[in-house]
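Encoded as structure tokens, the structure appears first; notes follow it.
Here is the naming used below: chain letters follow the sequence lines, and residue numbers restart at 1 for every chain. These numbers come from the heavy atoms of this one structure, side chains and all, not from hydrogens, waters or symmetry mates.
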Protein chains: 2
Amino acid sequence: MISHPERNQIQLEGVLHALSDPVRLRIALELAEAGGERRCGSFECAVTKSTMTHHFKVLREAGVIRQRQEATLRLTSLRRDDLDARFPGLLDRILQAAEEEAVVGA
Amino acid sequence: MISHPERNQIQLEGVLHALSDPVRLRIALELAEAGGERRCGSFECAVTKSTMTHHFKVLREAGVIRQRQEATLRLTSLRRDDLDARFPGLLDRILQAAEEEAVVGA
DNA sequence: CTCGTAGTTCGAAGTTCGTCAAACATCGTA
DNA sequence: TACGATGTTTGACGAACTTCGAACTACGAG
């Protein structure tokens, strides 16, 4: 059963914690680039499948991503609308910061 | 010995992790309201002094706060200039989100 | 010098986190 | 029906985290 928090149940601390992990931040970045849905296995992360499942769960329960099942595929997308409504501008700034950090290579 | 990371050594993940704790987010909020420096003991947090010391250390090593010693007082302030230079707008959005969340009471 | 204030350091205890391997569930296809 | 692909669940493990109390350091005031 895939459960998502309601928009107004999304907690700032949960979002910050979810995005404070390198693997999960990377997932969010790739989702933002993609703009839409992506398969679980389509992310470039150096961890096993079960670890990915764990990270998706953290992101989902924090309200950062949305997931839906389609046959054997689990499609993942950013909850950009809900996040923008709840915490205006926050997601964009975090993603922008992540990109700049990646570019600078620090 | 109080050690601070250089501006360009501040890591996004570290900042997000530092602010994902309720006590530390509260500290950052109170510092933003104060605008300047504050004594360690002047924060309204329901934890002991040694726990506060720990949280200050996490914030300091993440680059969120600056601390300096003055006699027996340790004065703490936000590293707003460095954070804004490194991750433009990020701190403001997080603090704004924290305030809104507090107001709504969710 | 002694006392109180401000804050740190040092374990200890318990919790949460990130990771993996093994086994499992589900669907489409040969 | 059997197989391969996709992804989850469970259980384990060490590492990191949060918290506390007790002992400690450093300073100013009386």
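For the side-chain hydrogen bond (donor to acceptor under 3.5 Å, both in side chains) with Ser42(A), the qualifying choice from Arg38(A), Glu44(A), Arg39(A) is Arg38(A), the only one to do so.
When atom types are taken as modelled, the side chain of Gln69(B) and the backbone of Ala71(B) share a donor-acceptor pair closer than 3.5 angstrom. At distances below 3.5 Å, at least one donor-acceptor pair connects side-chain atoms of Glu101(B) with backbone N or O atoms of Leu12(A). Of the possible donor and acceptor atoms, none in the side chain of Arg24(B) sits under 3.5 Å from a partner among the backbone N and O of Leu19(B). A donor-acceptor contact shorter than 3.5 Å links the side chain of Arg86(B) to the backbone of Ile10(B).
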For this session: Check the pair Thr53(B), Ser50(B) against side-chain hydrogen bond (donor to acceptor under 3.5 Å, both in side chains), reporting the backbone distance first and the verdict last.
Result: CA-CA 5 Å; Thr53(B) 297; Ser50(B) 55; over 6 Å; no
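A donor-acceptor pair shorter than 3.5 Å cannot be found between the side chains of Ser77(A) and Glu37(A).
For the contact set between residues 14-26 of chain B and DNA chain C, defined by any heavy atom under 4.0 Å, there are no members. Within residues 41-56 of chain B, the residues approached by DNA chain D to less than 4.0 Å at the level of any non-hydrogen atom are Val47(B), Thr48(B), Ser50(B), Thr51(B), His54(B), His55(B), in residue-number order.
Here chain B contacts DNA chain D (any atom closer than 4.0 Å to a heavy atom, that is under 4.0 Å), and the contacts span dC17(D) to dC27(D) from 5' to 3'.
In this structure, Arg60(A) and Ile2(A) have side chains that are in contact, with non-hydrogen atoms separated by less than 4.5 Å. At least one side-chain heavy atom of Leu31(B) sits less than 4.5 Å from a side-chain heavy atom of Phe43(B).
Put simply, Leu73(B) and Met52(B) are part of two different groups of oily side chains (I, L, V, M, F, W, Y) that touch within less than 4.5 Å, one to the next.
Rounded to an integer number of Å, the gap from CZ of Arg60(B) to C1' of dG7(C) is 12 Å. Between Arg39(A) atom CZ and dC27(C) atom C1' the separation is 14 Å, expressed in whole Å. One interatomic measurement links the two molecules: CD of Glu61(B) to C1' of dT8(C), which rounds to 14 Å at whole-angstrom precision.
Nearest-nucleotide assignment on DNA chain D puts the 5′-proximal partner with Leu73(A), out of Leu73(A) and Lys57(A).
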